[in-house]
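Read through the structure below, which is laid out as structure tokens, and then see the notes.
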Amino acid sequence: MEKTLIISMIGKKESYKNVKFTYEEKTISGKLPTFLAYYRICKELNKDVELLVFYPSTLSKDDVFFEEFNEKNNTLIKMPENYFHNWMAFSFFSIYERIKNDNFNKLVIDVSVGQNVYVISLVEAFRLLLTHYDIVNMIESDESKKIKGFILNSNRPVVEENKEYKIVLYQYDVNAFFVFPFSKDKDVKFFDILFNNEVGGEIKRKFNKKFDYKRINNAIGETRRAFNSIYYNAPLAFFDKDIIDLDKLNDDYLKELKVVFDEIVNENIEINFITLRKAVLTFSFLEMLKKLREREKVEEVDLDFLEKKFSDLYKKFGLSLNMRFLERDINEIRNIIRESKIKD
């Protein structure tokens, strides 16, 4: 069954035009934003739909309040006061926290108000979220388990009173490539690249004391080794726990990043969203690789297993050259085994 979360920024109630919206042959009229018209129509069509709506720190809750925000499971959230990078991070964590323990399979983001810094930050957060789930579900063949993203808009800008506007949805696809997020950072020192502006030594010492940054750095390093064992066609290393031990990485690292981000907001400094995005996607790969290791539990790895499983994986990951290398390596090993038996 389809379950939808509608995500939007909202402005002052008084700024919206009194217009008519249509969607799927249903019509809603009033002074309301596009996403709310879509929500009301979905409710009329008995669709399972909920709201997650942000508003700027310059406005009060009363400035933006509609009765739908009193409904169960609908959420209205105030943005932090400062910094574009913080708005992107805040939006990402808010959406992630909202959906991670729920069964939403459709996310709709409203961009009908046009391009401003808040909408751009929301779209960037939305893109990161979809990429996160795309990576986590890379090894899934069941399409029903995957989350689909959509852009919500009107067929033209809503600028005139008493006019009719159509609500339109466009699928928003992201393509997650099998590339390690910190590929250009050989030795990641996470807290050295986490801030977007210069911070004093006292702030850095406070963060280093409060958060176990070495553990985050080690988790990034171990994930890199697991990733590289596949990327560089060393599948035996992936299953050797003496070389790559994913079992020790049991923490909720995204939750920990959220705690770190909350402290950054409290200190009124700006996070480096590029670094945060790399960290989020690294832990997305970690989650996927742990799933893969758990799914393919074997007592002994043999050539037939490697040939079948990793040929399929390389195809899913878009590593076509690795398929040729794998075939070559396995044939060489089989020839060595055959020659050894003949000599015996």
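Computed over heavy atoms, backbone and side chain alike; hydrogens, waters and symmetry mates excluded.
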Is the shortest distance from a Lys or Arg side-chain nitrogen in D262 or K258 to a carboxylate oxygen in the other one below 4.0 Å?
yes
Can you tell whether the side chains of K148 and D173 come within less than 4.0 Å, N to carboxylate O?
no
Please report, to 0.1 Å, the donor-acceptor pairs under 3.5 Å made by any side chain of residues 76-84, with sequence neighbours excluded.
{"from": "N82", "atom 1": "ND2", "to": "N268", "atom 2": "OD1", "distance (Å)": "2.9"}
{"from": "Y83", "atom 1": "OH", "to": "N268", "atom 2": "O", "distance (Å)": "3.4"}

If you take the centroid of each ring, where Trp contributes its six-membered ring, are Y38 and Y23 closer together than 6.0 Å?
yes
Name the residue from K291, K146, K316 that meets the salt bridge (Lys or Arg N to Asp or Glu O under 4.0 Å) definition with E140.
K291
Please tell me whether D63 and S60 have a donor and an acceptor in their side chains that are separated by less than 3.5 angstrom.
yes
With a 6.0 Å cut-off (strictly less than), is the heavy-atom count around CZ of R324, excluding the residue itself, greater than 12?
no
Between K43 and E68, does at least one N-O distance fall below 4.0 Å, as a salt bridge requires?
no
Do other residues, nucleotides or ligands put more than 12 heavy atoms under 6.0 Å from Q171 CD?
yes
Side chain to side chain contact (heavy atoms under 4.5 Å, CB included) partners for F325, two or more places apart:
N233, L321, N322, R328
Residues, nucleotides or ligands: over 12 heavy atoms within 6.0 Å of K290 NZ
yes
Is the NZ or CZ atom of K166 both under 6.0 Å from the centre of the six-membered ring of F21 and within 45° of that ring's axis?
no
With a 6.0 Å cut-off on ring centres, are Y118 and F54 close enough?
no
May I ask you to check whether F180 and F227 place their ring centers less than 6.0 Å from one another?
yes
If you measure from the Lys or Arg side-chain nitrogens to the Asp or Glu carboxylate oxygens, is any gap between K47 and E24 under 4.0 Å?
yes
Would the F126 and Y172 ring centres measure less than 6.0 Å apart?
yes
Using modelled atom types and a 3.5 Å cut-off, is there a donor and acceptor pairing between side-chain atoms of N116 and backbone atoms of V119?
yes
For the pair F178 and Y231, name the ring-plane relationship: parallel under 30°, tilted 30 to 60°, perpendicular over 60°.
parallel
Taking the basic N atoms (NZ, or NE/NH1/NH2) and the acidic carboxylate oxygens, is any pair closer than 4.0 Å for E263 and K206?
yes
